[in-house]
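So the structure is just underneath, and the comments pick up after that.
So you know, we letter chains A, B, ... as the sequences are listed, proteins then strands, and number each from 1.
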Number of protein chains: 2
Amino acid sequence: MAALPTVTDVALAAGVSRQTVSNVMNSPGIVRADTRERVEAAIAQLGYRPHASARRLRTRRSSTIGIRLDPMIDGISGSVLDRFLHALTEQADKRGLRVLLFTATSPEDEITQLQRLNDGADVDGFVLTSTFAGDPRTKWLIENGISFVTFGRPWGSNDMDDPQHLWVDVDGWAGLHQATRAAQEAGARRVGYIGWPSPSGTGEDRRRGWRDAMLERGDVSEDDLAALEVVTVDGVAEGTAAMQQLRRTVGILDAVLCASDSLALGAMIANPDRVPVTGYDNTPIAAAIGLSSVDQSVEEVAAGVLDLLTGEFNGRVHGSPESLEPRHRMVKPRLVLREFAAIPMDESA
Amino acid sequence: MAALPTVTDVALAAGVSRQTVSNVMNSPGIVRADTRERVEAAIAQLGYRPHASARRLRTRRSSTIGIRLDPMIDGISGSVLDRFLHALTEQADKRGLRVLLFTATSPEDEITQLQRLNDGADVDGFVLTSTFAGDPRTKWLIENGISFVTFGRPWGSNDMDDPQHLWVDVDGWAGLHQATRAAQEAGARRVGYIGWPSPSGTGEDRRRGWRDAMLERGDVSEDDLAALEVVTVDGVAEGTAAMQQLRRTVGILDAVLCASDSLALGAMIANPDRVPVTGYDNTPIAAAIGLSSVDQSVEEVAAGVLDLLTGEFNGRVHGSPESLEPRHRMVKPRLVLREFAAIPMDESA
DNA sequence: GGAATCTATTTGATCGATCAAATAGTTTCT
DNA sequence: AGAAACTATTTGATCGATCAAATAGATTCC
């Protein structure tokens, strides 16, 4: 196998200098048209590909973004992050970026990994998922001036107006507001909600979407609302228990919304009256079972993340403080309505 | 921010030469103990990290493996590959390797991507998933002498004895054989099987596991067996239909095995008699619903893939033809038995 | 004692690209 | 016509590491 051609080989073949070849690839505008064509022909003819590492060494940029592959959680909700990863990889590809994976066992370990990848010039920036209030990772990245964007707003102080970093998030409030509206428009009045305990910013956001839509309607009292809500940690069994509790306290329900598909799946199991149940995340399980769900449109999130990472801010907020460019993007989720075709367990074939 | 320290900085601080620093990192054995300690101290003190691209440029190896992120299939079975990806990333990390993702729209496009990553020295080798008989990708990789290992045996001619490339696969036959045995030991005689149409090597492998176990038992005739089998493409709805058909033709079933969790989930839906159903892949959905399933132990597959990729063959078969090292690894799957706790749809709370 | 051998460390060259500055070649302006 | 301003292209240096070969220092052997 012949050695791979280098810029010098191409330059020789095209009768120009190395730098001109480099210019054709990186700033084609400054090369005269006929020269450019000649060089391009030589590139094609020799099958030349730039050596990525050599380029990185010189330019000090890698065109690669790092993302931590979270440990599998319960596997149902976890698939949202997998879908996001797919979308991110696809979108990154379109922009000539690569995605490098890494794992970590704890936030501290993750910081070590971030440092390793950054210092080794392996990546230009990071995408962080599953951020939480007071996340040590974002703090560290900011302090070290490293580019990054989070999927998830910085829950805490002044998220929106003066963010410490760039972020993209899905408007859970809007998702549940829309889902509640849809249920109401289908005739439901007693719309239950199974959600997560309060320290969760995400959970609180979704819960308020439901509450606000219910209160706007004006046909339920605060007391009714309290009865229509069950708080529980995430999980299928927990969803079943919550549903049973709701049915016990409320009696007849017109619809139930859940903070996740795991809970919704659980709820479906204790649902002999076939009350419409809506989940969150539009996971494969929702599609398989025929469960309405709020879809996070990970494609839009991925696009937003990359826009912020490669855009004017270049993944850093403290750089250009005067800019009017948005420093975050809020993605509207999409409600996917389904008939639960798959559920009739009691009818025989 | 001060510029990152380089080998030269470390050398200066430790009072040795660049190369000695390099040796401490790459062949510590040849450096005298006290010198090594001095250098290590300097490295720690300066927080030195080798510049990955510079090293790659010189050594012509990237310590990175490429893997294509398959487009989402139905999402249920697709999660096996996601789990594999998680496992691969973790195992790679332990061996100092990185995982780079890419996407492709077709096998041809994928070859273009393989070439790009290889020529750009971005990766040392590839992991291929979802291979099929006559796969153009493996052919291309072999022709170009590029390191790779496949997850999935090369269905076709002489898989086992004279493989054209290195591979790791899960023994689907053993998985279904074991599942069938388990059902039989629990008292089942009429064990149905819902599988995939025949061009699928994987499907045929699993099917034979069931058939062989049934025939070994010796209490069913060939005719019985034919009636106990339904062939269908993958999917939840298809599983439901297949289950209905089985119940129609066989009447009373003692157990049902399926070629996938998607089919098993579907089968569960048309299962008022609560016949034990076993799926394949042990996806989150199986865990959530309480479905027995055959677990592919992706961790073992990932470890095997990396062993072959970094081992004696270095991801290439044609290199050392005399070696007695195994050229493939067959992983035994593990049967996960579950009680389907979650299914009682008809009982109210 | 001096050549031969081995060990530990150093020096110069190199991987393949791009940056920064220098050089031709053109056009514009007075 | 000749200086100034631009355009297109080339040359030398450099990014940070490792390779290959050279050097010094310690040991062994006859």
Side-chain angles (χ1 to χ4, degrees), chain A residues 2-40 42-43 46-64 96 116-124, chain B residues 2-40 42-43 46-64 96 116-124:
Chain A
L4 292 170
T6 71
V7 264
T8 310
D9 299 320
V10 175
L12 226 59
V16 296
S17 71
R18 305 188 312 274
Q19 185 60 38
T20 299
V21 176
S22 172
N23 287 336
V24 167
M25 313 202 72
N26 300 299
S27 4
I30 68 167
V31 180
R32 210 172 48 204
D34 61 327
T35 317
R36 183 169 58 232
E37 280 160 28
R38 204 146 31 93
V39 172
E40 279 164 353
I43 289 175
L46 295 177
Y48 165 76
R49 310 259 172 204
H51 191 287
S53 293
R55 172 180 280 170
R56 281 176 211 166
L57 173 59
R58 187 67 248 230
T59 61
R60 316 195 125 282
R61 61 176 52 220
S62 63
S63 298
T64 302
R116 192 211 308 282
L117 292 174
N118 184 67
D119 290 355
D122 276 304
V123 302
D124 291 337
Chain B
L4 292 171
T6 71
V7 262
T8 310
D9 298 320
V10 176
L12 226 59
V16 296
S17 71
R18 304 187 311 273
Q19 186 60 38
T20 299
V21 177
S22 172
N23 287 338
V24 168
M25 313 202 71
N26 300 299
S27 6
I30 68 167
V31 181
R32 210 172 48 203
D34 61 327
T35 317
R36 184 170 59 232
E37 279 159 28
R38 204 146 31 95
V39 172
E40 278 164 352
I43 288 176
L46 295 177
Y48 166 76
R49 310 260 171 203
H51 192 288
S53 294
R55 172 180 280 170
R56 289 197 262 248
L57 172 59
R58 186 69 250 230
T59 60
R60 316 196 125 282
R61 61 178 51 219
S62 64
S63 298
T64 302
R116 192 211 308 281
L117 291 173
N118 184 66
D119 290 355
D122 277 302
V123 301
D124 290 337

message: Regarding B:Thr6, tell me which of base, sugar-phosphate or nothing describes its non-hydrogen contacts under 4.0 Å with the strands shown.
response: sugar-phosphate
task: Determine whether B:Tyr48 and B:Val7 make a side-chain contact, defined as any pair of heavy atoms from C-beta on separated by less than 4.5 Å.
output: yes
query: Heavy atoms under 4.0 Å, any strand shown: does B:Arg49 hit a base, just sugar-phosphate, or nothing?
result: sugar-phosphate
message: Just to be sure I understand the rule, does B:Ser53 reach a base, reach only the sugar-phosphate, or reach nothing, if contact means heavy atoms closer than 4.0 Å?
response: nothing
field: Separation of C:dT7 P from B:Arg36 CZ (nearest whole Å)
entry: 15 Å
task: Answer with base, sugar-phosphate or nothing: what part of the nucleic acid does A:Thr35 contact at a heavy-atom distance below 4.0 Å?
output: sugar-phosphate
field: Min side-chain heavy-atom separation B:Val31-B:Val39 under 4.5 Å
entry: no
message: Regarding A:Arg56, tell me which of base, sugar-phosphate or nothing describes its non-hydrogen contacts under 4.0 Å with the strands shown.
response: nothing
- request: Find out whether A:Thr64 and A:Asp124 are in side-chain contact, i.e. whether some heavy atom of one side chain is under 4.5 Å from a heavy atom of the other.
  value: no
task: State the CG-CZ distance between A:Leu4 and A:Arg49, to the nearest 0.5 angstrom.
output: 10.0 Å
query: Any donor-acceptor pair under 3.5 Å linking the side chain of B:Arg55 with the backbone of B:Pro50?
result: no
query: Hey, are the side chains of A:Val21 and A:Glu40 touching, using non-hydrogen atoms and a 4.5 Å cut-off?
result: no
Nucleotides bounding contact with chain A, strand DNA chain D, heavy-atom threshold 4.0 Å: D:dA8 to D:dG16
- prompt: If each of B:Gly15 and B:Thr59 is mapped to the nucleotide of DNA chain C with the nearest heavy atom, which maps nearer the 5' terminus, i.e. the 5' end?
  reply: B:Gly15
message: Here's a test of your reading of the structure: between B:Gln19 and A:Tyr48, which maps to the more 5' nucleotide of DNA chain C?
response: B:Gln19
